[in-house]
Amino acid sequence: MVNIPVLKEVTEANTILADYLRSRFTHVLVLNVIASPGAGKTSLLERTITQLNGTLKIAVIEGDPTTSIDAERIAAVGMPVVQINTQGGCHLEARQIQRAVEQLDVADADVLIIENVGNLLCPTEWDLGEDIKVVVASLPEGDDKPLKYPGAFLKAQAAVINKIDLEPYIAAKAATMRENALKINPGLAIFEVSCTTGEGIDVWLDWVRQKLAEKRAAEG
Amino acid sequence: MHEMPVTQALLDLALEHAGGRRITDIYLQVGRMAAIVPDSVEVFFEYLSEGTLAEGARLHFEMVPLEMTCLDCGSKQDLSAWADQPPHTILQNAFARGCACGGKNLRVTGGVSFGLVSIDVEPES
Ligand SMILES: Nc1nc2c(ncn2[C@@H]2O[C@H](COP(=O)(O)OP(=O)(O)OP(=O)(O)O)[C@@H](O)[C@H]2O)c(=O)[nH]1
Ligand SMILES: [Mg+2]
Ligand SMILES: [Zn+2]
Ligand SMILES: [Zn+2]
């Protein structure tokens, strides 16, 4: 027998394609939004789009296991959107993004937002060529989520704690969730928001603008 | 269903490294928190590898325990002693304990990924 060392993550081929896509995504800030089902990904996109509209051009890729409901919500707020149905698959992969950008004019977009499939496990393993992974955590789902899904928080650069309008009615506390998230990843930028009331969204949007400016400055 | 894409990915990666030779064994490392169930990988592998040079290959899974690294002194702690507890409890306790050096800045540095270590192939005849 001949033993051949490989020493790679099994998703290596996806990562190579993602790196290629990243090299093509110049001047556009790409966000990969990851969260469990119903945490508020689409709501965050709607808020972000509506409030940035007029100042920044946004394009959206919607991942969904079966339906086009979320893509319709995005189209309703007037943004170019491409829908990827994963046929039940639990995450998006780089080759799906490659196909989606063929149908979407990202060349003159400022921000490309990808809504991943609702799942906190697998999407973190599949790089999509994004600049930033954003994990959205819904407060009523429990403030221990970062400890239960450390992979997502470990690989993200930003965590959006959503549904803080419900805090008075539940045991989970945004401060505890923040603390748990920082234990997993001290470098995380954390935003406490309510997509329903709009609270905290401005701080999040300032951060997105700042990241876009940083990316463009680095590109020269 | 969830192990199917990773199984396809590991099969592709193994075949790519086999250089056209038949694969007999595949050595894998599964992180305790990688959310991968070896039994499911086996099932999908049997199905996906059919008709390829990896058909019939044996899969060997090495479970990788959670590992934390202290940012203050660089020492690593292996959390396998607590492997019977749920992972989030292990993590919570590890953060509370901190490091032997007194440091409290720990990072998770192992036990979250699914890696292909090596493959055995038949020698060219
Ligand atoms: N109270 C409250 N409800 C919210 C908030 N954000 C979202 N929701 C509600 O949560 C539900 C799910 O929101 P979505 O934005 O569809 O969540 P999602 O993560 O896109 O869901 P999937 O794509 O199906 O995984 C909807 O009923 C929203 O109205 C919030 O800040 N506060
Ligand atoms: Mg959605
Ligand atoms: Zn999955
Ligand atoms: Zn130490």
Side-chain angles (χ1 to χ4, degrees), chain A residues 1-18 36 65-66 86-96 117-127 142-156 176-177 179-188, chain B residues 1-19 21-36 41 66 68 71 86-96 104-109 111-124:
Chain A
M1 257 348 105
V2 184
N3 183 262
I4 301 174
V6 179
L7 297 172
K8 298 255 163 64
E9 302 235 339
V10 300
T11 48
E12 169 78 4
N14 178 77
T15 308
I16 291 169
L17 179 56
S36 55
T66 44
T86 59
Q87 324 287 2
C90 50
H91 58 267
L92 291 176
E93 296 183 20
R95 59 191 164 81
Q96 295 167 315
V117 178
N119 176 353
L120 265 181
L121 290 170
C122 328
T124 58
E125 300 304 317
W126 301 84
D127 191 338
D143 51 26
D144 55 358
K145 280 290 167 298
L147 299 170
K148 290 189 172 165
Y149 299 94
F153 289 83
L154 205 55
K155 290 182 181 167
T176 309
M177 190 181 252
E179 207 177 286
N180 285 334
L182 287 174
K183 279 180 189 165
I184 299 295
N185 182 354
L188 265 181
Chain B
M1 278 311 284
H2 134 101
E3 277 82 2
M4 178 132 120
V6 281
T7 307
Q8 182 68 58
L10 93 81
L11 173 63
D12 293 343
L13 188 60
L15 289 170
E16 188 192 313
H17 283 80
R21 288 164 289 181
R22 175 157 291 284
I23 302 173
T24 59
D25 295 85
I26 300 180
Y27 300 88
L28 299 156
Q29 278 185 336
V30 185
R32 179 82 206 287
M33 292 214 79
I36 296 295
V41 175
L66 278 170
M68 311 272 271
L71 296 187
H88 65 279
T89 310
I90 303 178
L91 277 180
Q92 196 150 33
N93 292 340
F95 282 119
K104 289 279 179 198
N105 295 310
L106 301 175
R107 291 297 293 271
V108 178
T109 49
V112 286
S113 58
F114 182 26
L116 175 51
V117 181
S118 68
I119 55 176
D120 284 343
V121 298
E122 282 175 358
E124 257 151 331

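Heavy atoms only: backbone and side chains are in, while hydrogens, waters and symmetry mates are out.
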**Request:** Specify the closest pair of heavy atoms between A:P5 and B:S118, including all atoms of both residues, with the distance to one decimal.
**Result:** CA-CB, 3.8 Å

**Asked** Given a strict heavy-atom distance threshold of 4.5 Å, which part of B:D12 is in contact with chain A: side chain, backbone, both, or neither?
**Response** neither

**Request:** Return the option, out of B:V108, B:L106, B:L71, with the maximum number of heavy-atom pairs under 4.5 Å with chain A.
**Result:** B:V108

**Asked** With only heavy atoms counted, which part of B:I23 is less than 4.5 Å from chain A, the side chain, the backbone, both or neither?
**Response** neither

**Asked** Which one, B:L91, B:I119, B:T89, leads in non-hydrogen pairs under 4.5 Å with chain A?
**Response** B:I119

**Request:** Answer yes or no: is there a side-chain heavy-atom contact under 4.5 Å between B:Y27 and A:N3?
**Result:** yes

**Complete:** chain B shares the most heavy-atom pairs under 4.5 Å, among A:A13, A:G151, A:P150, with A:P150

**Complete:** To the nearest 0.5 Å, atom CD1 of A:I184 lies from atom CZ of B:R107 at 9.0 Å

**Message:** Can you tell me how far apart CD (B:Q29) and CG (A:L7) are? Round to the nearest 0.5 Å.
**Reply:** 8.0 Å

**Message:** Which atoms of B:L13 are under 4.5 Å from chain A, going by heavy atoms: the side chain, the backbone, both sets, or neither?
**Reply:** side chain

**Asked** Once you round to the nearest 0.5 Å, how far does CD of B:E16 lie from NZ of A:K8?
**Response** 7.5 Å

**Item:** Value rounded to 0.5 Å, distance of CZ in B:R22 from CE in A:M1
**Value:** 11.0 Å

**Request:** Select one option (side chain, backbone, both, neither) describing which atoms of A:I4 are under 4.5 Å from chain B's heavy atoms.
**Result:** both

**Exercise: identify the closest heavy-atom pair between B:A9 and A:W126** = CB-CH2, 4.1 Å

**Prompt:** Are A:V6 and B:V117 side-chain neighbours, meaning at least one heavy-atom pair lies under 4.5 Å?
**Reply:** no

**Item:** Contact origin within A:E9 toward chain B - heavy atom pairs under 4.5 Å
**Value:** both

**Item:** Choice from A:L154, A:L121, A:D144 maximising heavy atom contacts with chain B below 4.5 Å
**Value:** A:L154

**Distance in Å, A:T11 OG1 paired with B:F114 CZ, rounded so as to fall on 0.5 Å steps** = 9.5 Å

**Asked** Going from SG on A:C90 to CD on B:E3, what distance comes out if it is rounded to the nearest 0.5 angstrom?
**Response** 8.5 Å

